[in-house]
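Contents: one structure, followed by commentary.
This chain uses plain numbering: 1 for the first residue, then up along the sequence.
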Amino acid sequence: MAPPLWGQRRAVPDEVREKQRRAAQARSVSGLPEGWMPPPPPAQAYEPLFPTRHGTPLSSRNVRREWALVLERARVDDREFHSIRASFITSALVSRVLSLKDLQEVVGHTSPLMTLRYAQRSQERQAQVIQVAKEQMGLT
């Protein structure tokens, strides 16, 4: 039997439909054994990064509004909220305040490679690397 064309319903023989109906009835009548599903894990307390004055997490809409106010007060052009994560990671790596492993744990990445993806490259640092490479290769 060829599969139906896109948007067409599949033709199922009546005997197959009846077999499906009987199986569904048998499942609904049998019920599930007691304790068939493990209990949910206990909820862990957490502290939201951006709480409301009541201590509950801010909605994404509220975070965007607050971020716009911060940018306005700082007289900074529009900047993505997520970019401060990259700025923090870059700053911490450049200043060597934290090791890569410590920084990875602070920002919540499971891999140091993910943390390094956030590191922004500065023009000055790239120029320094090129200069060192030229000197090493005797091109200066």
Side-chain angles (χ1 to χ4, degrees):
M1 178 191 251
L5 297 175
W6 182 260
Q8 291 181 340
R9 295 189 67 163
R10 184 170 57 127
V12 178
D14 289 337
E15 61 269 7
V16 173
R17 286 254 189 243
E18 188 56 38
K19 190 175 181 181
Q20 291 171 337
R21 249 185 239 109
R22 282 195 306 268
Q25 281 179 335
R27 281 193 306 269
S28 69
V29 172
S30 69
L32 295 171
E34 189 65 36
W36 69 276
M37 192 165 146
Q44 296 179 352
Y46 74 97
E47 220 175 291
L49 182 59
F50 299 106
T52 64
R53 65 184 116 144
H54 305 292
T56 58
L58 280 174
S59 70
S60 59
R61 178 185 231 171
N62 289 340
V63 171
R64 282 192 297 272
R65 186 184 64 232
E66 293 295 325
W67 181 241
L69 287 172
V70 167
L71 292 177
E72 183 181 314
R73 289 179 188 149
R75 295 188 178 123
V76 174
D77 291 337
D78 190 31
R79 182 171 292 185
E80 291 288 325
F81 181 74
H82 199 72
S83 68
I84 62 174
R85 184 181 186 92
S87 298
F88 169 73
I89 290 171
T90 303
S91 160
L93 286 172
V94 168
S95 64
R96 295 195 171 115
V97 173
L98 297 170
S99 70
L100 178 58
K101 183 69 177 160
D102 291 337
L103 183 58
Q104 170 195 340
E105 289 174 8
V106 166
V107 297
H109 291 150
T110 56
S111 159
L113 291 176
M114 179 55 78
T115 305
L116 289 174
R117 285 184 189 162
Y118 278 88
Q120 300 164 336
R121 292 171 180 82
S122 69
Q123 296 291 335
E124 303 88 40
R125 181 67 181 144
Q126 286 181 341
Q128 289 173 350
V129 169
I130 291 170
Q131 185 60 36
V132 168
K134 283 181 179 179
E135 289 172 5
Q136 292 293 323
M137 297 171 71
L139 298 174
T140 55

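At a threshold of 4.5 Å between side-chain heavy atoms, the hydrophobic network of Ile, Leu, Val, Met, Phe, Trp and Tyr places F88 and V94 in two separate groups. Follow the hydrophobic side-chain contacts under 4.5 Å out from L113 and you never reach Y118; the two are in separate clusters. L69 is not connected to V76 by any chain of hydrophobic side-chain contacts under 4.5 Å among Ile, Leu, Val, Met, Phe, Trp and Tyr, and they are in different clusters.
Interatomic distance, CZ of R61 versus CD of E66, reported as 13.5 Å (0.5 Å rounding). Rounding to the nearest 0.5 angstrom, the gap separating the CD atom in Q136 from the CD atom in Q131 is 11.0 Å. Rounding to the nearest 0.5 Å places CZ of R22 at 10.5 Å from CD of Q20. Considering CZ of R64 and CG of L58, their distance stands at 11.5 Å, rounded to 0.5 Å. To the nearest 0.5 Å, the span separating CG on L100 from OG1 on T115 amounts to 6.0 Å.
For the residue pair A119 and I89, the shortest heavy atom distance occurs at N-CG2, 4.3 Å. Heavy atoms only, all atoms of each residue included: Q104 and S111 are closest at NE2-N, 3.6 Å.
Without hydrogens or angle criteria, T56 side chain to T52 main chain gives no donor-acceptor distance under 3.5 Å.
Other residues, nucleotides and ligands contribute over 12 non-hydrogen atoms within 6.0 Å of the CD atom of E18.
Residues I84 and W67 meet the side-chain proximity criterion, which asks for heavy atoms closer than 4.5 Å.
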